[in-house]
Amino acid sequence: MRADRRRPTPALRPTQARRPRPIPRPPRARPRLILRRTPEMTNDAIRSALEAVLEDMGAPTGTITLEQPRDPTHGDVATNVALTLAKPLSRAPRQIAEEIAEKFDLAAAGVDAVEVAGPGFLNFRLASGSVVSALDDILEADTTWGRSEGGKGQAVMVEFVSANPTGPLHVGHGRQAALGDGVAALLDWTGWKVHREYYYNDAGRQIDQLALSVRARYRQALGVDEAVPDDGYRGEYVKDVANALVAEVADRYVEDNSDEALDAIRTHAVKMLREEQDRDLNDFRVSFDEYFLESSLYSGGRVDGTIQDLKNTGLVYEHDGATWLKTSQFGDQKDRVMVRSNGQPTYFLPDVAYHMTKWERGFERVINVQGADHHGTVDRVRAGLQALGLPSGYPEYVLHQMVRVVQDNEQVKFSKRTGSGMTLRELYEQVGVDVARYFFQMRKPDAHLLFDLDIALDQSDKNPMYKVQYAHARMCSIFRKGEMELEDVEAGSAELSMLSHELELELVKRLVEFASVIERAARGSSPHVVCDYLERTAGAANSWYHAGNPSRNPELAVLTGDPALRRARLALARAVQIVLRNGLTLLGIDAPTRMVREDDQEN
RNA sequence: GCGCCUGUAGCUCAGCUGGAUAGAGCAUCGGCCUUCUAAGCCGAAUGUCGUAGGUUCGAGUCCUACCAGGCGCGCCA
């Protein structure tokens, strides 16, 4: 059955291209009538063969799980059914496994061998060529390899960053920007229709503090002695905003303490700082489909409408002059105030109003990416939404821990511009956007992130981001060396079963896993899973590449003498390149075809 | 005091739905090397999975208690 994939040795045909083509290729594969064998199909075949045996033995068939063993000596596919059946059949697991192995139909499952191992595992070794044939699928899929359709095109909103426009973005926002963008990309790659949203809190008390701080600096700039409020903003950037205001309006507001004047200052400050944030994010390759302004909730009447709606639920009461909502009925630790005794709504209210708009805009699934310091608001917001009839788990949250930037074993805290922590821009202008994005995504959100500048600045393979980029560039360099283009290697152009070296087979197995890795990462909103995969795959690719170094094992080189073997290895190199590139693309990182070190440029 | 997160090799961290002998990178040690251009390659050593119980064929993974660290517990945002 494997034989039908073989193609006759191609007849040589004249080189036809403008470019030299050192490697004669077979004619483009005929329309492929042969069903391609995906890993899922292989598993299905094994599964149904197992079900047949279990039925024969009178055992339940519902619980078969197949997995890929870590240890390659445990075969290509393994199952623990015999272990799980020990109890229902009240027999020793190994004995059950022996019987299954004996009755198993190897040919029907496309398996070369099955053996019993350990406490009763069944290990299957796939027919040779079955694994390696997946390379054609990778070449065929190219930029879409790794994509899947589980999301069925449904709409999902990812809200992230949502920083107050009161100052420059810092490294914590950077983690959130990269993480949120990664989560959004994972959803996109698994078939969701993703909407990226940024919520600007442009209406709160903090904005008032900003306006007062800017006004003080503005007056100072014009020689008037006015102190910045105690709880105001003190970073250097406030002076920049004030100086820009001087340039724009000269001394118009020096003695004007009216609300109108303060409004104008506030508007000026918010506009300028928002523009700076947008610039910082844009240069960090993060962009949004929609910017939602908190102020629009008030001006559009949504906040008042939400109070009314909540009152209509009968879950609202007055106490000590304030208006409360019985959020404790929905799992919150205590009831919350919606409207203070002074008539001002608390932050809780616009928050609920905002999330109602998400639902009403058609997003039945929403993921909020936030710093873990906000976890206290999760139950509260959900409770408010439940009171209005939304489902209990709405919205979902990805909460991430803080970032520490470390250099020479010491924490970097200083930023001239903000007077406190390092800004996002300061970070990525130092280490590069690719490294910053990778480092922010390579740890699971739950864990504190230690951003080690020494490693980030290292441009060797010690830096995981460069390790992946180097592996990608190495694959590309093979093609340059062979005077070919990447596109010259097409699906069906090689006799893939010639790939038989352990390093090659290990690599192929990894490449095949790619889509399931992305699905798992998407399921857990965990871009770090992709980083981990890319790093390991790059490691395997680098080992393979280095093994073929002419000074070591020239017979393992991709550009080896045997044309057929060379074609097969080029297909593998191309497939590696595709997977690494797609993975980096998902993470929002470049996949250069060649690497230039800064040191090289200096020379 | 209550709630959430974290605790895995010297360091930074993976560990999928509970599976086989707990894995990477850095650092350390040993040996190669100048390339299918890439400060490189190959190999070795390293563990009380915070502690103590429990669940079961099987626990780093699930449950309970405790210890340590971070964060949150306003009519602040």
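In the text below, chain A, chain B and the rest are named by the order of the sequence lines, each starting its count at 1.
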Reading nucleotides 5-13 of chain B from 5' to 3' and marking B where a protein heavy atom lies under 4.0 Å of the base, S where only the sugar-phosphate is that close, and - otherwise, the string is SS-----SS

Which value, in whole Å, describes the distance between the C1' atoms of nucleotides B:C75 and B:G69?
33 Å

Kindly state whether the pair A:F121 / B:G19 counts as stacked, where counting means centroids closer than 5.5 Å and planes tilted less than 30° apart.
no

Rounded to whole angstrom, note down the P distance from B:G43 over to B:C26.
13 Å

Determine whether a donor-acceptor pair (N or O, by modelled atom type, separation under 3.5 Å) exists between the side chain of A:T327 and the backbone of A:R380.
no

Using the C1' atom in both, what is the distance from B:A22 to B:G47, to the nearest Å?
9 Å

Rounding to an integer number of Å, can you tell me how far A:E519 CD sits from B:U17 C1'?
15 Å

Polar side chain donor-acceptor pair, A:N368 to A:H355, under 3.5 angstrom:
yes

Each nucleotide of nucleotides 72-77 of chain B classed B (base within 4.0 Å of a protein heavy atom), S (only sugar-phosphate) or -, in 5' to 3' order, makes S-SBSB

Are A:H528 and A:Q441 close enough, and set up right, to give a side chain to side chain donor-acceptor pair (under 3.5 Å), and what steps lead you there?
CA-CA 5 Å; A:H528 78 277; A:Q441 289 180 91; over 6 Å; no

Suppose you measure atom P in B:C29 against the same atom in B:G70; what distance do you get, rounded to whole Å?
35 Å

Pairing nucleotide - B:U28, Watson-Crick or G-U, each distance under 3.5 Å:
B:A44

No-hydrogen, no-angle side-chain donor-acceptor test under 3.5 Å, A:Y198 and A:Q277
yes

How many angstroms lie between atom CZ of A:R474 and atom CD of A:Q469, to the nearest 0.5 angstrom?
12.0 Å

Under 4.0 Å, counting only non-hydrogen atoms across every strand here, what does A:A117 touch: a base, just sugar-phosphate, or nothing?
base

What is the nucleic acid contact for A:T560, judged by heavy atoms within less than 4.0 Å: base, sugar-phosphate only, or nothing?
nothing

Please work out if A:N553 contacts a base, only the sugar-phosphate, or nothing of the nucleic acid, heavy-atom cut-off 4.0 Å.
nothing

Touch check for A:A78, heavy atoms < 4.0 angstrom, all strands: base, sugar-phosphate only, or nothing?
base

Integer-rounded Å distance: B:G25 C1' and A:Y466 OH:
17 Å

Below the 4.0 Å mark, does B:A38 have OP1 or OP2 next to a side-chain nitrogen or oxygen of A:H546?
no

Side chain of A:L83 only, please: which of B:A14, B:G19, B:A38 is the nearest?
B:G19

Using a cut-off of 4.0 Å on non-hydrogen atoms, how would the nucleic acid contact of A:D532 be classed: base, sugar-phosphate, or nothing?
sugar-phosphate

With C1' as the reference atom in both, quote the distance from B:C49 to B:G23 in angstrom, rounded to an integer.
12 Å

For atom C1', what is the distance between B:U55 and B:A65, given to the nearest Å?
15 Å

Determine whether more than 12 heavy atoms belonging to other residues, nucleotides or ligands lie under 6.0 Å from atom CZ of A:R340.
yes

In whole angstrom, what separates A:H528's NE2 from B:G25's C1'?
15 Å

Under a 4.0 Å N-O cut-off, is there an ion pair linking A:D562 with A:R566?
no

Where do A:A101 and A:L122 come nearest, in terms of heavy atoms and distance?
CB-CD2, 4.0 Å

With both distances under 3.5 Å as the test, what is the Watson-Crick or G-U wobble partner of B:A22?
none

Is a side-chain donor or acceptor of A:D452 paired with a backbone partner of A:D454 at a separation under 3.5 angstrom?
yes

Scan every strand shown for a Watson-Crick or G-U wobble partner of B:U35, both distances under 3.5 Å, and answer none if you come up empty.
none

Rounded distance in Å between the P positions of B:A59 and B:A52:
15 Å

Return the 5'-most residue of the pair A:R594, A:N542 with respect to RNA chain B, ranking by each residue's nearest nucleotide.
A:R594

What's the CG-P distance between A:D408 and B:A27, to the nearest Å?
15 Å

Tell me whether the count of non-hydrogen atoms from other residues, nucleotides or ligands lying under 6.0 Å of CG in A:N342 goes above 12.
yes

Watson-Crick or G-U counterpart of B:G1, or none if no pair lies under 3.5 Å:
B:C73

Starting from the 5' end of RNA chain B, give me the residue, A:W544 or A:L399, whose nearest nucleotide shows up first.
A:L399

A:E410, CD: over 12 other non-hydrogen atoms inside 6.0 angstrom
no

What is the distance from CE of A:M475 to P of B:A38, rounded to the nearest Å?
11 Å

Tell me which nucleotide, if any, is Watson-Crick or G-U wobble paired with B:U55 when both distances must be under 3.5 Å.
none

Whole Å only: how far is the CG atom of A:L556 from the P atom of B:U35?
18 Å

Using whole Å, what does the distance between atom P of nucleotide B:G40 and atom CG of A:D458 come to?
8 Å

Using a cut-off of less than 4.0 Å, is there contact between a side-chain N or O of A:Y533 and OP1 or OP2 of B:A14?
no

A:D446 and A:L399: which non-hydrogen atoms are nearest, and at how many Å?
OD1-O, 4.0 Å

A:Y545 OH - B:C42 C1' separation (whole Å):
16 Å

Determine the Euclidean distance between corresponding C1' atoms of B:G74 and B:A9; express it in Å to zero decimal places.
45 Å

